Amino acid sequence: MQELIGRAADILIGAEYAIALTGAGLSVESGIPSFRGPDGLWTRYGQPSNLSYRVFSQDPQAWWEQRLNDEAAPGNPTYDLKAAVDQALPNPGHVALADLESLDVLKSVITQNVDGLHGRAGSQAVLEIHGNRNHLRCIGCGSRRPRDGYLITDLPPPCIDCGGIIKLDTVMFGEPIPAPTLAACAQEVHRCDAMLLVGTSGAVNPAAQFPLVAREQGAKIIEVNPMPTELTAAAHVVISGGAGDILPAIVQAVRERINA
Ligand code: APR
């Protein structure tokens, strides 16, 4: 294990532009369930339909009514995820990635997570490809605003900027990733020469393509995950373990090399 940690540290230090791609597994140690695997939300409740966004678009009022009900009543994935995220704190894995950014070893994080924990851990350059559950977004003008403090009276909430329809910032199944976010992610992927994959099964595109594109362009891929995934075959270094243990060990190895 120490040899693998050392190889990962060497890759990250040697890279011109190392980035991270994170998934739900990183937040498991913060008490937030993942989606797939034994205790996953989709394992328990089934994965939402790829028509979810179309259903929303056809009747946004009914969607909001159902959403607000689901948030208040146990026994559905919305309630479970909200309850977990509301009390979650960044874990040592999130803090380690923020440390790597402070050491100027990691240039950015692309996260599939909507829990906002990277920002709370201190990471500055974070691209939330699936949105942030603490924000609202207008599907008309794309403007985003914090949900806290936004009094939702009319359903669907009207955008105060353009009068359009406001939804949660979280990207739904079947919803296009907002173009500015996707463009920014693509730029980071094309620029990177090392990618640290943490806690993602590699099950959902376009994020799952990022490591493959990066490898195609010569980037070194490191995977941190207790289980093999769809992306393991593309990784040059595969470290089997939890992010909360492995990532701080990588930071320590990086620091030792920087201070040597
Ligand atoms: N440390 C690191 N990885 C872990 C840990 C841990 N402590 N615990 C679990 N994992 C791994 C699992 O082995 C699994 O490979 O995290 C991964 C979680 O996979 P998913 O539940 O599929 O989550 P993710 O890859 O983020 O899903 C992608 O699917 O439904 C959509 O929008 C949702 O963003 C999500 C996307």
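Computed from a predicted model, the values in this text were never measured in an experiment. Atoms within a ligand are numbered from 1 in the order they appear, just like the ligands themselves.
Ile129 CD1 to Asn113 CG: the interatomic distance, rounded to the nearest 0.5 Å, is 11.5 Å. The CD1 atom of Ile11 sits 10.5 Å away from atom CG of Asp193, with the distance rounded to the nearest 0.5 Å. Residue Ile250 holds its CD1 atom at 12.0 Å from CZ of Arg7, rounded to the nearest 0.5 Å.
The side chain to side chain donor-acceptor pair (under 3.5 Å) test with Tyr17 is passed by exactly one of His190, Glu188, Lys107: Glu188. Here the rule is side chain to side chain contact (heavy atoms under 4.5 Å, CB included) with Arg137, and of Ser143, Cys159, Pro178 only Pro178 fits it.
Atom 23 (O) of ligand 1 has Ala24 CB, 3.5 Å as its closest protein atom, hydrogens excluded (heavy atom only). The protein heavy atom nearest to atom 9 (C) of ligand 1 is Gly25 CA, 3.9 Å. Gln112 OE1, 3.3 Å is the protein heavy atom nearest to atom 28 (C) of ligand 1. In this structure, atom 1 (N) of ligand 1 lies nearest to the protein heavy atom Ala243 N, 2.9 Å. When only non-hydrogen protein atoms are considered, atom 13 (O) of ligand 1 lies nearest to Asn225 OD1, 2.7 Å. For atom 36 (C) of ligand 1, the closest heavy atom belonging to the protein is Val204 CG2, 3.8 Å. For atom 32 (O) of ligand 1, the nearest non-hydrogen atom of the protein is His130 ND1, 3.4 Å. For atom 29 (O) of ligand 1, the closest non-hydrogen atom on the protein side is Arg36 NH1, 3.0 Å.
Between Ala88 and Leu117, the closest heavy-atom pair is O-CD2, 4.0 Å.
At most 12 heavy atoms of other shown residues, nucleotides or ligands fall within 6.0 angstrom of atom CG in Asp39. Shown here is Arg44, whose CZ atom has more than 12 heavy atoms of other residues, nucleotides or ligands within 6.0 Å. Counting heavy atoms of neighbouring residues, nucleotides and ligands inside a 6.0 Å radius, atom CD of Glu256 exceeds 12 of them.
Below 4.0 Å from some heavy atom of Thr229 lie the following atoms of ligand 1, by number and element: 15 (O). Taking every non-hydrogen atom of Met227 and a distance limit under 4.0 Å, the qualifying atoms of ligand 1 come out as 13 (O). Every atom of ligand 1 is numbered from 1 in the order shown, and the set under 4.0 Å from a heavy atom of Gly199 is 2 (C), 3 (N), 16 (O), 17 (C), 18 (C). For ligand 1, the atoms sitting less than 4.0 Å from at least one non-hydrogen atom of Gly23 are 26 (O), numbered in the order shown with element in parentheses. Of all atoms in ligand 1, numbered sequentially from 1 with element shown, those under 4.0 Å from a heavy atom of Gly242 are 1 (N), 6 (C), 7 (N).
Within the 4.0 Å heavy-atom criterion, both parts of Thr200, backbone and side chain, lie near ligand 1. Here Glu29 has side-chain heavy atoms under 4.0 Å from ligand 1, and that is the only part of it that gets that close. With a 4.0 Å heavy-atom cut-off, ligand 1 is reached by no atom of Ala203.
Glu101 and Ser123 form no side-chain donor-acceptor contact under 3.5 Å, judged by distance and modelled atom types alone.
Using a 4.0 Å cut-off between charged side-chain N and carboxylate O, Glu71 and Arg147 make a salt bridge.
Among Leu26, Thr22, Val28, Asn205, the residue whose heavy atom sits closest to atom 8 (N) of ligand 1 is Val28. Looking at Gly241, Ser201, Gly244, it is Ser201 that brings a heavy atom closest to atom 19 (O) of ligand 1.
Remark: side-chain polar atoms of His130 are paired, donor with acceptor, to backbone N or O of Gln112 under 3.5 angstrom.
Residue Gly40 places every heavy atom at 4.0 Å or more from ligand 1.
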